[in-house]
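Beneath this line is the structure, given in structure tokens, with notes to follow.
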Amino acid sequence: MIKITNLEKFYRTEEVETIALNKLSMEVKKGEFVAIMGPSGCGKSTLLNILGLLDDPDAGSYLFNDIEVADFNERKRADLRKHNIGFVFQSFNLIDELTVFENVELPLIYTGVAAADRVKKVEAVLDKMQIMHRRNHYPQQLSGGQQQRVAIARAVVNTPKIILADEPTGNLDSSNGNDVMELLTDLNEQGTTIIMVTHSEHDARYSHRIIRLLDGQTVVENIMI
Amino acid sequence: MLKNYIKIALRNMGKNKFSTFINVTGLAVGMAVAILIGLWIYDELSYNKYFKNYDRVVRIMQHQTFNGNTGTQNSMPLPLAGVLRKDYGNVFKYMVMSSWTQEHILTYRDKKLNREGNYMQEEAPELLTLDMVKGDRNALKDPSSIIINERLAKALFGDEDPMGKAIKMDNRINAKVTGVYKNLPKNTEFNDMDYITTWALYVSAEPWLKSNVDNWGNNSWQVFAQLQPGADLEKVNLAIRDVKLKNVARTGDNLAKSFKPVIFVFPMNRWHLLDEFKNGINTGGRIQFVYMFGIIGIFVILLACINFMNLSTARSERRAKEVGIRKTIGSLRSQLIKQFFSESLLITLFGLALSVVLVLAALPWFNEVADKEMHILWANPLFWVICIVFSLITGLVAGSYPALYLSSFQPVQVLKGTFKAGKNAALPRKILVVLQFTVSITLIIGTIIVFRQVQHTKNRPVGYNRAGIVQILMKTEPVHQHFDAVRTDLLASGKVEEISESSSALTQIWSNWSGFEWKGKAPDLQDDFAYIQISPEFGKVSGWNVIDGRDFIRNNKADSNSMILNESAAKFMNLKHPVGEIVRHGDSKYTIVGVTRDMVMSSPYNPVKPALFVFNREAQAFMTVRVKATVNMSEALAEIEEVFKKYDPEAPFDYKFTDSEYAQKFADEERVGKLSAFFASLAIFISCMGLFGMASFMAEQRTKEIGVRKVLGASVLNIWSLMSKDFVLLVVISLVIASPVAYYFMESWLQNYKYRAELSWWIFAITAIVAILITICTVSFQAIKAALSNPVRSLRSE
């Protein structure tokens with residue numbers, strides 16, 4: 001599903017050039033649940049942003065479903081993103097001015113789904129995330145766990161092929177964190193590929209495989225059994 | 001999608017009530033100003049368009065050259081219209097000679113009214129395409145007919161049918177109503193005119209006209225014409241150019257010939273806005289106000305747009321997250337741009353709605369100041385189309401910068417929470433604030449200079465004492481015929497100082513004469529004098545200052561062929577010792593008995609014209625009465641009226657105060673001054689609202705910095721000056737830019753006036769102080785609020 005080869009990314013300021021990704025290669029197969037771990041500054045988030053087509057690499061190849069996307073322009077990337085990729089963030093990143101329902105509806109609007117279908121889909125996914133009763137509330141009125149469930153609902157409402165999660169439990173207590181991990185696991189079992197960046201060994205244990213990064217390079221890959 | 005945009009726009013507006021308030025109010029005020037100016041411009045541009053043959057109606061005019069200077073006038077000799085009609089009938093469809101619009105007494109049974117009207121030739125109703133309510137456009141064919149407008153019909157006849165009724169004019173001539181026409185709108189040339197009566201009646205009322213039928217040197221009448229369809233203006237002008245010159249040559253009028261008269265037609269579509277001539281060239285006119293106010297309108301709207309841009313981009317850090325999320329989810333930049341544009345359009349539409357309310361509220365006042373009858377053109381689709389299109393443009397302009405700026409954020413940066421607008425992000429905002437204040441300050445300086453020019457001219461010594469003088473335009477003879485008795489009665493009443501007769505009022509010059517001869521006159525000098533006939537009491541009534549020789553003496557037979565010059569005339573005639581000199585005009589011979597200080601009788605902005613005051617007991621037109629300073633004016637007026645009625649019971653007593661007539665001369669400039677003061681205040685108001693919003697945003701953004709500074713020991717004063725300094729600097733920059741700009745424009749405006757106030761440095765200094773004070777006041781509220789806040793709180797909020 002995802003294959004990257006010799007991916008490079010630099011950050012430059014006037015005096016220093018920082019290498020975020022150093023000829024990184026890896027592959028993620030369809031239906032996998034992969035955790036990416038490593039110390040702060042090792043390039044985890046950079047990798048995730050590139051995988052999510054939010055950022056582009058300076059060199060190397062990125063095949064998404066066998067298509068080279070490393071040189072896609074903004075429009076093509078947005079198009080690929082909205083149809084294939086769902087995002088879950090540590091800080092939830094819900095839009096404060098929109099209700100739960102409207103936040104979840106947003107990706108469907110951008111992919112041009114008809115209004116009636118949108119209601120059906122949003123209601124189904126809210127139901128599944130057990131936050132239907134909160135549909136007309138605004139994000140600030142929800143607990144952290146509930147907000148993250150809304151964010152996951154928003155990530156999956158378009159039935160993406162892959163979910164990219166950036167420390168999804170980072171802002172949650174352990175009980176809410178476990179709930180979120182269970183949700184991701186369920187989604188994975190239903191066929192969604194998941195790539196998750198995390199600091200938590202506990203969370204990483206939900207995955208099939210852990211990729212450990214150091215200084216922009218893969219150091220170890222653990223296969224979970 | 002649009003629904004989603006509108007939804008989020010509305011919620012954003014609700015959430016940020018303060019900046020929404022500033023945006024909507026600012027835009028509404030700006031748009032209200034633009035609509036008012038738009039209505040004003042519409043009114044100006046549609047002036048005279050009521051006349052259906054607007055494109056083909058012309059006024060006959062002439063250039064004449066005096067001592068190398070070409071002057072242009074619309075007063076014509078009596079025989080001209082006839083000659084043009086006879087010799088150039090193929091280019092003129094209608095030719096109408098007209099008197100000047102003047103007051104006459106109209107009497108129907110026991111009702112008497114003083115109303116303004118014209119004597120015109122019979123094709124006038126066709127030329128003016130009068131909308132006849134009764135009768136038809138042939139109504140002036142009967143020599144004794146009069147046609148009246150609905151206003152006058154109502155006033156004079158009430159509900160009676162006016163048709164066929166006899167109206168007595170000035171207690172002398174009888175006219176029969178043969179038509180009633182719809183009132184001419186206020187924005188037409190003839191809106192003062194309540195009636196038109198025939199040329200034949202004019203001739204019978206003023207028998208002296210007969211002596212002018214072949215006089216090409218007396219320019220005292222107007223001529224209007226309508227060109228045949230397809231007639232080419234240039235060709236017409238070429239054809240009629242020398243018609244007067246040929247005729248003055250034929251009649252041997254060498255004086256008129258020496259002025260090299262050039263006759264031309266001046267089309268109606270230039271009368272109102274383009275009626276200025278400088279040295280024989282049509283140079284413009286009121287159109288400059290149309291341009292000026294148009295530019296001001298655009299600027300005021302722009303100021304409001306700038307508020308919107310600044311407040312939206314200042315809030316960008318808050319919107320950044322939303323942009324990031326939307327982009328992550330799959331929004332294209334173009335979709336975000338559309339979203340932000342829909343927001344600004346929504347705000348603009350709210351602004352438009354509010355502005356219509358503001359316009360409704362301001363229109364009565366605006367009409368009064370502008371002396372117009374404008375109203376919102378509810379039924380005119382064009383008005384709404386323009387409003388909507390204009391709002392869209394405003395929305396696009398206001399939304400452009402925020403839309404392009406906000407949509408350019410990269411999701412990776414903004415979602416990490418590390419997004420901070422860089423130092424340079426505030427630069428465009430600063431530039432826009434400078435632009436706002438540059439415009440506002442320019443307007444303020446301009447306004448001060450306009451008012452100062454008016455004030456300066458008002459303070460000009462007028463050369464006579466205008467307080468306590470009443471002037472009465474005489475339409476009938478009896479008071480004049482019994483002048484001595486009237487005078488004796490008035491003086492006996494103890495309320496009146498003196499009364500005089502004259503051919504012009506103190507505030508006007510009705511007559512200009514040329515062709516005088518005096519000892520030492522240069523052979524090639526062309527003379528042009530204001531010519532005023534006065535009774536010997538005139539000097540005492542006006543309170544003029546005789547600086548050489550003496551005033552006229554009543555009952556002094558020798559004075560009957562004498563004249564008094566003003567200083568300018570003495571100078572123009574180059575007479576060192578004018579008293580005793582002889583001045584000739586044709587067969588008449590006058591002795592100069594005195595010289596007076598110049599009196600400002602016509603435009604106070606121009607030098608005083610050389611004037612000759614000629615002793616004439618038969619001078620009529622005006623009675624001028626000086627009331628005793630100690631006497632109550634209304635009692636004096638009652639007394640004067642009683643005496644006048646005693647000798648002329650038929651004539652309504654109608655008077656004007658000389659000082660208010662004089663004040664009228666400033667009406668135009670004062671109007672411009674009031675309007676520009678109005679626009680300047682709104683401009684500064686809008687700019688300050690923006691500044692206030694920016695200051696509140698800045699205070700919010702720097703909360704942490706202020707907290708840290710306070711913890712480290714900064715005083716309230718320190719914080720206040722820290723917060724205010726930046727804004728004051730921006731205003732100082734604006735001052736530096738605005739001052740030379742304003743100087744340049746106002747200096748060239750002042751060139752229009754010969755008598756003008758100099759531009760002095762203090763105008764700029766005062767403006768600078770006021771602008772800085774206003775800035776400090778506006779910013780201080782937020783600055784002090786921030787400075788007084790508890791640092792513990794602000795630091796915890798991080």
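We name chains A, B, ... by the order of the sequence lines, and we start the count at 1 in each one.
Heavy-atom contacts from other residues, nucleotides or ligands closer than 6.0 Å to CG of A:Asp66 number 12 or fewer. Around NZ of B:Lys7, the count of heavy atoms belonging to other residues, nucleotides or ligands within 6.0 Å exceeds 12. More than 12 heavy atoms of other residues, nucleotides or ligands lie within 6.0 Å of CZ in B:Phe18, so this atom counts as buried by the packing criterion. Atom CD of A:Gln130 is surrounded by 12 or fewer heavy atoms from other residues, nucleotides or ligands within 6.0 Å. The environment of A:Asn65 atom CG is dense: over 12 non-hydrogen atoms of other residues, nucleotides or ligands sit within 6.0 angstrom.
The part of A:Tyr138 that comes within reach of chain B is its side chain, from C-beta onward, which places non-hydrogen atoms under 4.5 angstrom from that chain. Proximity to chain B is absent for every atom of A:Arg77, based on heavy atoms less than 4.5 angstrom apart.
In this structure, CG in A:Asn103 is found 7.0 Å from CD1 in B:Ile329, a value given to the nearest 0.5 Å. Atom CG of residue B:Asn12 and atom CD of residue A:Glu97 lie 4.5 Å apart, to the nearest 0.5 angstrom.
In this structure the side chain of B:Leu332 reaches within 4.5 angstrom of the side chain of A:Arg75, judged on heavy atoms. B:Thr328 has its side chain within reach of A:Phe89: a pair of non-hydrogen atoms, C-beta onward, lies under 4.5 Å apart. Contact annotation: the side chain of B:Glu322 never approaches that of A:Asn93 to less than 4.5 Å [non-hydrogen atoms, C-beta and beyond]. A:Asp96 has its side chain within reach of B:Lys15: a pair of non-hydrogen atoms, C-beta onward, lies under 4.5 Å apart.
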Checklist entry - Does the side chain to side chain contact (heavy atoms under 4.5 Å, CB included) test come out yes or no for A:Glu102 and B:Arg11, once each step is laid out? => result CA-CA 13 Å; A:Glu102 289 158 355; B:Arg11 284 189 196 151; 2.3 Å; yes
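Ranked by heavy-atom pairs under 4.5 Å with chain A, the list B:Arg326, B:Gln335, B:Gln410 is led by B:Arg326. Of the listed residues (A:Leu94, A:Asp166, A:Leu53), the one with the most heavy-atom contacts under 4.5 Å to chain B is A:Leu94.
With hydrogens and angles disregarded, no donor-acceptor distance shorter than 3.5 Å links the side chain of A:Arg81 to the backbone of B:Ser331.
Using a cutoff of 4.0 Å between basic side-chain nitrogens and carboxylate oxygens, A:Glu74 and B:Arg333 are not scored as salt-bridged.
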